[in-house]
Amino acid sequence: MASEAYEPQNTENKFYKIWEQRKYFEIDGNKAIQKEGKNFSLMMPPPNVTGRLHIGHALTFTLQDIITRYKRMDGYKTLWQPGTDHAGIATQNVVEKQLLAEGTTKEALGREKFLERVWAWKEESAGIMTEQLRHMGVSPAWERERFTMDTGLQTSVKKSFVKLYEDGLIIRGNYMVNWCTHDGALSDIEVEHEDHDGKFYHIKYPFADGSGHVEVATTRPETYFGDTAVMVHPDDTRYKDLIGKKIKLPLLKREVTIIADSYVDMEFGTGVVKVTPAHDQNDYEVGKRHNLEFITVFDEKGILNDYAEEFKGLDRLEAREVIVKRLEEEGFIVKIENHKHQVGHCYRCKSVVEPYISRQWFLKKDVAAKSIQKTNDGEAQFFPPHWINSYNSWMGELRDWCISRQLWWGHQIPVFYCDDCDHEFASEEEAPAECPKCKSKNLTQDPDVLDTWFSSALWPFSTLGWGNGEEGQDSLFTQNDMKDFYPNTLLITGFDILFFWVARMMMMGENFNGQLPFNHIYLHALVRDEKGDKMSKSKGNVIDPLDMVEKYSADILRFTLAVSAAQGRDIRMSTEKLEQNRNFTNKLYNASKYLQMNVDTFPDIGTICLTTTLGKYMASRLNFATKEVRAYLDEYKFNDAALTLYKFIWNEFCGWGIELSKADKDSIIELGAIFKEAMKLLHPFMPFITEYLYHELSGTSLEDGDSIMISAYPYKTKKREKEERTFEIIMDAIVSIRRAKVLVDLANQKIEKAFVKIDGISEDEKSMMLPFITRLAKVTDIEFTESTIENAVSDISDTCETFIPTDSIDLTPIITKLTRQDEKLQKEIDKIEKMLGNERFVANAPEDVLTKNREGLADAKAKQVKVQEQLRSLQK
RNA sequence: GGUUCUUUAACUCAGUUGGUAGAGUGAUACCAUGACAUGGUAUAAGUCGGCAGUUCGAGCCUGCCAAGAACCA
């Protein structure tokens, strides 16, 4: 241990390789300390297979690793299941862009070739994310790593689909869906709503008989070609007589009828609404109620069709202006107002999302009923608990989930159509041989794929082998897995995917296994920059976790994230915080260095009997810290657990323990044993430096010995009241003397003589305390006294009084200083008093200047009184 | 518009069932004493967003208000 400071770069990669090679991360990696019947499971939220590690990953995986390492050391059979997600739209988009750059398209390539291409890209890119993860020092069971489209998981997806299909819970139908002209059908949560400064167009709709017109207000004039009615509120006296009258649509020959429906808001707009059932969610409902015709006016790419007559061929968004201009020319526009409204955008490509009628597959909302009930019965518990409110408010409005996607990359829907008899059936087989109805061999599979979240929804149990078939048995999963690890003990993820993912896992897990998939669900917050802004590439305030690992270390980044992770609160990341924790690792290194200057190697605490008072005291304090850290970790209060360790090690162990040991060298070997134990306690947070120091102090090496990561996590022992009390007094006396020294400006300098008055302690105790107080208070000669000492600077604290006799110290410098201060203050007082005594100044100066001076005078006077008091006491 | 969260020392944040308000950074003064200046010692600093209520007692519980954020319409 020669270098001045700890060098993480030399150890982190080396240790990680050894850990992984020795299979410590696997479920039986801690076999030696496993206790019967204690199982812990946690599924890693699978990052996108083509993704790159960002600070949000760093947070979530750090927290997951802390709990995993804690449980592993605590004797649990531990599964932290790793894997990656195929991320349908995202991945397909990336490859499509690559093709575009090469001057080709996926259509030109064909489905099969395109998928080969995506698989190739996946293979090339997949290792990057998991490799980056390793730099964080995380410890998932890598040998079981899964991919949401690997063979076994494809099988489980088919199995679950077919089951749901046969139970009538998956249906196909023509419904209005959220349609992205780029990415196809989206589920409700894949649409982001944003405020948009739009226009409110007031358009004349003439009566067919030429007897006049009504005024219709709309934000979407380009859809009026699909109008199949005009509606008013049945109670609206203004329009009562118009109900049933015919309207001739502007510029068109088509006629529609005025209908009455209470959906209309009489207060809003003109009270007359155009009804476009095929292009508006509400109009869709109205259309169904009134049996209206559904006219679709643009195709799936958003291009206007024949119904738009002269505007055919235009994109629906570009067409708006053209159409309005034409209507204006023909005198149909009454006025155009500014209007703020919400517009939905695709969460992936940000295109404007259209309500669009399309034939899609849906998972009926009925699937979720039991999971909602059980969640509210407390079968799964949220951390922080308020998230159940959000969960419920979403689940309360749950609609059927549109699970089909017009993509090629993903799980192709296992539904087949018979080309001969039109029979439709679902099958787990890759290519069913014949139609079960007519035995025809001409079958076509549905071309769509499943929403990515469908396979993710199975993650808590599909990775345990559920529905996997033979593939991967005894390598990727074992037959005991479902029994040992379902329900998962814990889920740690971001609140932003509560609905996308968590809610879906709850419904699927309950549906297929009769139990919710998690006992505990911890939702962490967002990592922001130091100003509290969201990190984004466009703002340029992104902190790259790998840069931080490089510049500081994985340990430091991890600890910084953990100590900042207060439940329900966003994290502000800053270099200041990272530096503070770098200082902490430096402290650890130097504490260790001190211990080794005195003793070569240290035993484990369990193998020795503590004999020194200081050793017993520090052990008692370690016990307290252990109790707290465990309690906080059990409640997922990562910040409190980390802070407890920080304070214990820095303030108690280094600040007091090490300093006190300088007066009792026999205690150092015991302190070393305690420090090693503290390294175990800290290990889940800072896996590398703790491993390093543990071996340094033990005189062993990771290469030739067992890792700290599979040693038993410290357990609370006992509180030692007597030693705690003794050192409370010792430390109190030391602080008291130090305070007294500050009074005479001697701060941390060594002085000759001081008296200490402590009531109610024996002579033995006094002689035991004496060396500690002498050393740390830096006094050559300490004398215990029963009475108050005259002619001394004194300090009174909770348990003692201390005195520094004024004749034992050279008071000249402090007296000189105080005298100078007194003179300076007097000058200032004179000056201000003279000013304030000047009538013209008082009359003319602004009020705030006067106030400022009056306050200044009062301050100076108060200060002078104190200075003079001190001078008097010193000059006695 | 609805729901949820946040508001505590100059800054960043803790504060477990209601019982004398805590940490780190920063500030001030001092200390190169054999682990560490990425250090040490000591000090100062808060009507806990506002108002009202419950209570012997409220940062914490209840209601209203204000400001900010997120999510959903």
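Computation of the quantities below employed the complete heavy-atom set of this structure, encompassing side-chain atoms and omitting hydrogens, waters and symmetry-equivalent molecules. Proteins come first, then strands; the chains are lettered A, B, ... in the order of their sequence lines, and each starts at number 1. Not measured: the values here are computed from a predicted model.
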Asker: Kindly list each side-chain donor-acceptor pair under 3.5 angstrom involving residues 638-651 of chain A, sequence neighbours excluded, with atom names and distances?
Answerer:
residue, atom, partner, partner atom, Å
A:Thr644, OG1, A:Asp640, O, 2.7
A:Tyr646, OH, A:Gln580, NE2, 3.3

Asker: Residues two or more places apart in sequence or in another chain: which of them pass side chain to side chain contact (heavy atoms under 4.5 Å, CB included) with A:Leu770?
Answerer: A:Thr774, A:Ile782, A:Phe784
Asker: Anything under 3.5 Å between a protein N or O and an N or O of nucleotides 8-12 of chain B, put it in a table, one pair a line.
Answerer:
residue, atom, partner, partner atom, Å
B:rU12, OP1, A:Arg572, NH1, 3.4
B:rU12, O2', A:Lys577, NZ, 3.2

Asker: In this structure, how many angstroms lie between the C1' atom of B:rC5 and the CZ atom of A:Phe382, rounded?
Answerer: 16 Å
Asker: Hey, what's the ring geometry for A:Phe559 with A:Phe584, parallel, tilted or perpendicular (30° and 60° as the breaks)?
Answerer: tilted
Asker: For A:Thr560, give me all partners under side-chain hydrogen bond (donor to acceptor under 3.5 Å, both in side chains), at least two apart in sequence or on another chain.
Answerer: A:Asn581
Asker: Can you tell me the distance, in whole Å, between the NZ atom of A:Lys778 and the C1' atom of B:rC30?
Answerer: 11 Å
Asker: May I ask you to verify if any side-chain N or O of A:Trp387 is less than 4.0 angstrom from the OP1 or OP2 atom of B:rU3?
Answerer: no
Asker: Which nucleotide in the set B:rU41, B:rU4, B:rA35 lies at the smallest distance from any side-chain heavy atom of A:Arg738?
Answerer: B:rU41
Asker: Pairs in or reaching into residues 553-562 of chain A: which pass salt bridge (charged side-chain N to carboxylate O under 4.0 Å, His left out), with residues at least two apart or in two chains?
Answerer: A:Asp65-A:Arg558
Asker: Across the strands shown, which category fits A:Asp496 at heavy-atom distances under 4.0 angstrom: base, sugar-phosphate, nothing?
Answerer: nothing
Asker: How would you label the contact of A:Arg582 with the nucleic acid (heavy atoms, under 4.0 Å): base, sugar-phosphate, or nothing?
Answerer: base
Asker: In chain order, what residues pass the side chain to side chain contact (heavy atoms under 4.5 Å, CB included) check against A:Thr780, with sequence neighbours excluded?
Answerer: A:Lys750, A:Glu752
Asker: Go nucleotide by nucleotide along RNA chain B from the 5' end; which of A:Ala591 and A:Arg739 gets its closest nucleotide reached first?
Answerer: A:Ala591
Asker: Counting only heavy atoms and a strict 4.0 angstrom limit, can you tell me which residues of residues 547-566 of chain A come near RNA chain B?
Answerer: A:Ala566
Asker: More 5' along RNA chain B: A:Phe495 or A:Phe584, using each one's nearest nucleotide?
Answerer: A:Phe584
Asker: Can you sort out the partners of A:Tyr70 under side-chain hydrogen bond (donor to acceptor under 3.5 Å, both in side chains), two or more places apart, ordered by chain and number?
Answerer: A:Asp634
Asker: Would you please name every residue forming a side chain to side chain contact (heavy atoms under 4.5 Å, CB included) with A:Glu550, sequence neighbours left out?
Answerer: none
Asker: Heavy atoms under 4.0 Å, any strand shown: does A:Glu659 hit a base, just sugar-phosphate, or nothing?
Answerer: base
Asker: For nucleotides 16-22 of chain B, print each protein N/O atom paired with a nucleotide N/O atom at under 3.5 Å, atom names and distance only.
Answerer:
none

Asker: What residues form a side-chain hydrogen bond (donor to acceptor under 3.5 Å, both in side chains) with A:His279, not counting sequence neighbours?
Answerer: none
Asker: For A:Thr612 and A:Ser667, does a side-chain donor sit closer than 3.5 Å to a side-chain acceptor?
Answerer: no
Asker: Can you tell me if A:Asn583 touches the phosphate of B:rC36, counting only side-chain N or O atoms and a distance under 4.0 Å to OP1 or OP2?
Answerer: no
Asker: Has the side chain of A:Lys587 got a donor or acceptor atom sitting under 3.5 Å from an opposite partner on the base of B:rC36?
Answerer: yes
Asker: With A:Asn392, which residues qualify under side chain to side chain contact (heavy atoms under 4.5 Å, CB included), at least two apart?
Answerer: A:Ile372, A:Asn376, A:Ile388
Asker: Rounded to the nearest 0.5 Å, what separation is found between the CG atom of A:Leu63 and the CG atom of A:Leu561?
Answerer: 7.5 Å
Asker: Whole Å only: how far is the OH atom of A:Tyr594 from the C1' atom of B:rU33?
Answerer: 13 Å
Asker: I need the OH-C1' distance between A:Tyr391 and B:rC72, as an integer number of Å.
Answerer: 17 Å
Asker: So does A:Gln567 reach the base of B:rA14 with its side chain, donor to acceptor, closer than 3.5 Å?
Answerer: no
Asker: Rounded off to whole Å, could you give me the CH2-to-C1' distance for the A:Trp656 and B:rU41 pair?
Answerer: 10 Å
Asker: Atom CD1 of A:Ile737 and atom P of B:rC30: how far apart are they, to the nearest Å?
Answerer: 22 Å
Asker: Round to the nearest Å and state the distance from A:Asn389 atom CG to B:rC72 atom C1'.
Answerer: 14 Å
